[in-house]
Amino acid sequence: QVQLVESGGGLVQPGGSLRLSCVASGSISSLNAMGWYRQAPGKQREFVAVIIRGGSSNYADSVKGRFTITRDDAVNMVYLQMNSLKPEDTAVYYCNAQIQILGVPVRDYWGQGTQVAVSS
């Protein structure tokens with residue numbers, strides 16, 4: 001059984017900052033790419049950022065220069081530092097991870113989501 005649990009969402013004014021966290025727990029053999037997606041009301045879920053083992057990362061154009069993804073493999077966590085937030089960043093943010101459990105092929109896991117609202 002593997003779980004991803006996000007935290008850190010909330011309400012922030014435009015220009016403000018938030019830091020999202022996600023912890024993976026369970027019988028994990030290998031934690032590969034970890035990332036963040038978001039879904040705004042009435043829109044499809046979209047990619048935000050991803051980081052692979054070793055630290056290489058990639059970002060959606062809409063968040064480049066404002067968001068930073070990091071990971072701590074010692075505690076199976078991934079973080080998303082969000083600065084200069086805009087109203088259009090309002091969405092439910094989901095943690096995603098490619099995880100291998102012993103004897104099972106790598107597959108994607110998702111967290112339950114954490115709400116981020118940017119409003120004055």
Given the rule in the side chain to side chain donor-acceptor pair (under 3.5 Å) test, do Asn32 and Ser30 qualify, once you have shown the distances and angles that lead to the verdict? CA-CA 6 Å; Asn32 300 328; Ser30 177; 2.8 Å; yes

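- Pairs engaging residues 110-120 under the salt bridge (charged side-chain N to carboxylate O under 4.0 Å, His left out) rule: none recorded [sequence neighbours left out].
- Looking only at distances, a side-chain donor or acceptor of Thr90 sits under 3.5 Å from a matching main-chain atom of Val118.
- Annotation for Leu18 and Leu85: closest pair N-CD1, 3.8 Å, computed over non-hydrogen atoms.
- In this structure, Gly9 and Leu20 approach most closely via the heavy-atom pair N-CD2, 3.6 Å.
- Between the side chain of Ser57 and the backbone N or O of Ile51 there is no donor-acceptor pair closer than 3.5 Å.
- Residues Gln1 and Ile101 fail the side-chain proximity criterion, which asks for heavy atoms closer than 4.5 Å.
- No donor-acceptor distance shorter than 3.5 angstrom exists from the side chain of Arg107 to the backbone of Ile99, with no hydrogens or angles considered.
- Counting only heavy atoms from C-beta outward, the side chains of Pro87 and Ser119 never approach each other to under 4.5 Å.
- A salt bridge between Asp61 and Lys64 is present, with a side-chain N of the basic residue lying under 4.0 Å from a carboxylate O of the acidic one.
- Residues Tyr109 and Asn96 form no side-chain contact, since every pair of their non-hydrogen atoms from C-beta on lies 4.5 Å or further apart.
- The environment of Gln3 atom CD is sparse: at most 12 non-hydrogen atoms of other residues, nucleotides or ligands sit within 6.0 angstrom.
- We find the NZ-CD distance between Lys43 and Glu88 to be 8.5 Å, quoted to the nearest 0.5 Å.
- Taking every heavy atom of both residues into account, Val78 and Cys95 meet most closely at CG1-SG, 3.8 Å.
- Taking the centre and axis of the six-membered ring of Tyr79, the NZ or CZ atom of Arg71 falls outside the cone set by 45° and 6.0 Å.
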Going through the distances and angles, do Val23 and Leu4 end up as a side chain to side chain contact (heavy atoms under 4.5 Å, CB included)? CA-CA 6 Å; Val23 60; Leu4 297 180; over 6 Å; no

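- Here Tyr93 contributes atom OH and Gln115 contributes atom CD; the two are 9.5 Å apart, rounded to the nearest 0.5 Å.
- Linking ILVMFWY side-chain heavy atoms closer than 4.5 Å, directly or via other members, places Ile52 and Leu31 in two distinct hydrophobic clusters.
- One hydrophobic cluster, built from ILVMFWY side chains closer than 4.5 Å, cannot hold both Met82 and Tyr37; they sit in different ones.
- Closest of all the heavy-atom pairs between Val48 and Val63 is O-CG2, 3.7 Å.
- Across all their heavy atoms, Ser17 and Asn83 have their closest contact at OG-OD1, 2.9 Å.
- Around CD of Gln44, the count of heavy atoms belonging to other residues, nucleotides or ligands within 6.0 Å does not exceed 12.
- Within the 3.5 Å criterion, the main-chain N or O of Pro105 finds no donor-acceptor partner in the side chain of Gln100.
- Under a 3.5 Å cut-off, the side chain of Arg19 and the backbone N or O of Gln81 do not form any donor-acceptor pair.
- Using a 3.5 Å distance cut-off with no hydrogens or angles, the side chains of Thr70 and Asp72 do not pair a donor with an acceptor.
- Residues Phe47 and Val92 share a single hydrophobic cluster, defined by chaining ILVMFWY side chains whose heavy atoms lie under 4.5 Å apart.
- Here the closest non-hydrogen pair linking Arg38 and Ala91 is CB-CB, 3.8 Å.
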Derivation of the ring-ring contact (aromatic ring centres under 6.0 Å, His included) call for Trp36 and Phe67: CA-CA 11 Å; Trp36 292 93; Phe67 291 10; over 10 Å; no

What's the verdict on side chain to side chain contact (heavy atoms under 4.5 Å, CB included) for Met77 and Ser21, showing C-alpha distance, side-chain angles and the deciding distance? CA-CA 7 Å; Met77 292 194 72; Ser21 301; 3.8 Å; yes

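- The cationic group of Arg45 lies under 6.0 Å from the six-membered ring centre of Tyr94 and within 45° of the ring axis, placing it in a cation-pi geometry.
- A continuous path of Ile, Leu, Val, Met, Phe, Trp and Tyr side chains, each step under 4.5 Å between heavy atoms, connects Met34 with Val2, placing both in one hydrophobic cluster.
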